[in-house]
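Residue numbers run from 1 in the order of the sequence given.
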Amino acid sequence: MIIVGHRGARNEAPENTVEGFVHAQKNGCQYFELDIQLSADHELVVFHDTNLKRTTGKRGKLIHFSYSSLKKLDASLSMAKWHLCKIPNLQSVINASPHTKHWQFEVKSDSRQRLIILTQRLYQFIIENKLEDKVTVTSANRWFLKHIKSLHPELLTGYVAENRFLDPIKTAQILGCSMLAISITLASERNVRRAKKAGLEVSCWTVNNLSKMKALKNLGVDSIITDIPTIALDAFS
């Protein structure tokens, strides 16, 4: 079972920062999940929340700021021992983590117009960085997954499933996904078995309990996304 660092190493270092990914890589992590949004000037920015306040203390939505403004903000507010960990663009994270074997690029929901632009920018980025075999583009936004797959069918995609009212396996199949990134709340034995039978790679999030990790491994889950990759790697090495 593969250990995937969630937003780098969310409980070990500031999430979705260059420093966080470097920390996790130095401690042996070679698989990562991160979040991608567009800035106001259409830069691919690595950031999770819609609002900036939780990790930077600044009020306002990320989409209203240019990247030149965003990259000046310290995104380490939630972790006192870290300082001056700026909001990165996607290129800086990739450059700082050269030993990564695979990425899950989770695209956050946005307007369709901006998601069309994001699709163009992200595809160009993947090709320019020769990441075609190292990236699965994931999202909970079904329209986005359908759109990017229709334009670039060769890209690997994954459906981020957290809704009990949609069959996660059928939805992933309909969208042409190769991965099911399933919430731990939906990772029942039945769902994992059905996903594997459907030929889907199963990645479960967010798993921070070692006993639960072991149970998911026994179910046949391919990877777990965790905030504590260093601890998980030590436990399962």
Side-chain angles (χ1 to χ4, degrees), residues 1-10 24 29-36 48 100-109 115 119 122-123 126 131-229 231-233 235-237:
M1 182 178 69
I2 292 170
I3 305 299
V4 180
H6 185 220
R7 308 179 200 170
R10 188 182 177 216
C29 193
Q30 295 181 314
Y31 297 81
F32 290 108
E33 183 270 354
L34 54 74
D35 305 287
I36 299 174
H48 178 270
T100 302
K101 292 183 177 179
H102 191 270
W103 297 91
Q104 290 185 36
F105 287 172
E106 182 179 346
V107 172
K108 311 307 287 186
S109 288
L115 286 175
T119 297
L122 184 58
Y123 180 74
I126 290 171
L131 294 173
E132 300 96 311
D133 299 326
K134 290 187 174 184
V135 168
T136 300
V137 179
T138 71
S139 185
N141 188 302
R142 300 190 302 283
W143 182 89
F144 166 76
L145 289 172
K146 187 181 296 184
H147 175 69
I148 195 170
K149 198 69 174 178
S150 69
L151 293 179
H152 308 294
E154 73 280 11
L155 288 183
L156 297 177
T157 56
Y159 174 53
V160 178
E162 57 182 330
N163 193 329
R164 293 185 180 277
F165 302 103
L166 290 174
D167 185 316
I169 293 85
K170 287 184 178 179
T171 302
Q173 288 179 297
I174 290 169
L175 294 171
C177 295
S178 59
M179 175 185 285
L180 177 64
I182 192 168
S183 165
I184 191 172
T185 61
L186 300 180
S188 64
E189 181 179 359
R190 178 175 180 271
N191 279 340
V192 173
R193 183 177 67 250
R194 289 178 59 227
K196 298 294 288 183
K197 186 176 180 180
L200 294 168
E201 179 182 350
V202 180
S203 190
C204 185
W205 55 276
T206 303
V207 192
N208 294 329
N209 179 282
L210 294 178
S211 295
K212 187 64 176 179
M213 290 179 193
K214 184 177 180 180
L216 289 167
K217 180 180 180 181
N218 291 337
L219 287 182
V221 166
D222 296 289
S223 63
I224 58 105
I225 301 171
T226 180
D227 296 326
I228 51 170
I231 295 171
L233 286 165
F236 288 91
S237 60

Enquirer: Drop me the distance from Ile126's CD1 to Asp133's CG, to the nearest 0.5 angstrom.
Expert: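 With rounding to 0.5 Å, CD1 (Ile126) is 11.0 Å from CG (Asp133).
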Enquirer: May I ask you to decide if Val107's main-chain N or O and Ser139's side chain share a donor-acceptor pair within less than 3.5 Å?
Expert: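 At least one qualifying donor-acceptor pair exists.
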Enquirer: Is Asn218 atom CG crowded by more than 12 heavy atoms from other residues, nucleotides or ligands, each under 6.0 Å away?
Expert: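 Check passes, neighbour count above 12.
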Enquirer: Within the distance-only criterion (no hydrogens, no angle test), does the side chain of Asn141 pair as donor or acceptor with the backbone N or O of Ser109 below 3.5 angstrom?
Expert: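 Not a single qualifying donor-acceptor pair exists.
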Enquirer: Can you tell whether the side chains of Glu132 and Lys134 come within less than 4.0 Å, N to carboxylate O?
Expert: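 A salt bridge is absent here (no side-chain N lies under 4.0 Å from a carboxylate O).
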Enquirer: Does atom NZ (Lys217) have a neighbourhood of more than 12 heavy atoms from anything else shown, all under 6.0 Å?
Expert: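 12 or below, so no.
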Enquirer: To check you understand the geometry: which heavy-atom pair defines the closest contact between Val137 and Leu145, and what is its length?
Expert: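 Where Val137 meets Leu145 most closely, the heavy atoms are O-CD2, 3.9 Å.
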Enquirer: When you measure from the side chain of Thr226 to the backbone of Val207, do you find a donor-acceptor pair of N or O atoms at a distance under 3.5 Å?
Expert: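 Judged by distance alone, yes, a pair lies under 3.5 Å.
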Enquirer: According to salt bridge (charged side-chain N to carboxylate O under 4.0 Å, His left out), who are the partners of Asp222, at least two apart in sequence or on a separate chain?
Expert: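 If we apply the salt bridge (charged side-chain N to carboxylate O under 4.0 Å, His left out) test to Asp222, skipping adjacent residues, the hits are Lys196.
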Enquirer: Can you check whether Thr136's main-chain N or O pairs, donor with acceptor, with Trp103's side chain at less than 3.5 Å?
Expert: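 No, because the side chain of Trp103 does not come within donor-acceptor range (under 3.5 Å) of the backbone of Thr136.
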Enquirer: Output every pair passing ring-ring contact (aromatic ring centres under 6.0 Å, His included) with a member in residues 144-173, not counting sequence neighbours, ordered by first then second residue.
Expert: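 Qualifying pairs: Tyr123-His152, Trp143-His147.
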Enquirer: Quick one: list whatever passes salt bridge (charged side-chain N to carboxylate O under 4.0 Å, His left out) with Arg7, sequence neighbours left out.
Expert: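 By the salt bridge (charged side-chain N to carboxylate O under 4.0 Å, His left out) rule, Arg7 matches Glu15, Asp35.
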Enquirer: Could you report the tightest heavy-atom contact between Glu106 and Lys108, atom names first, then the distance?
Expert: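 Nearest heavy atoms, Glu106 then Lys108: OE2-NZ, 3.1 Å.
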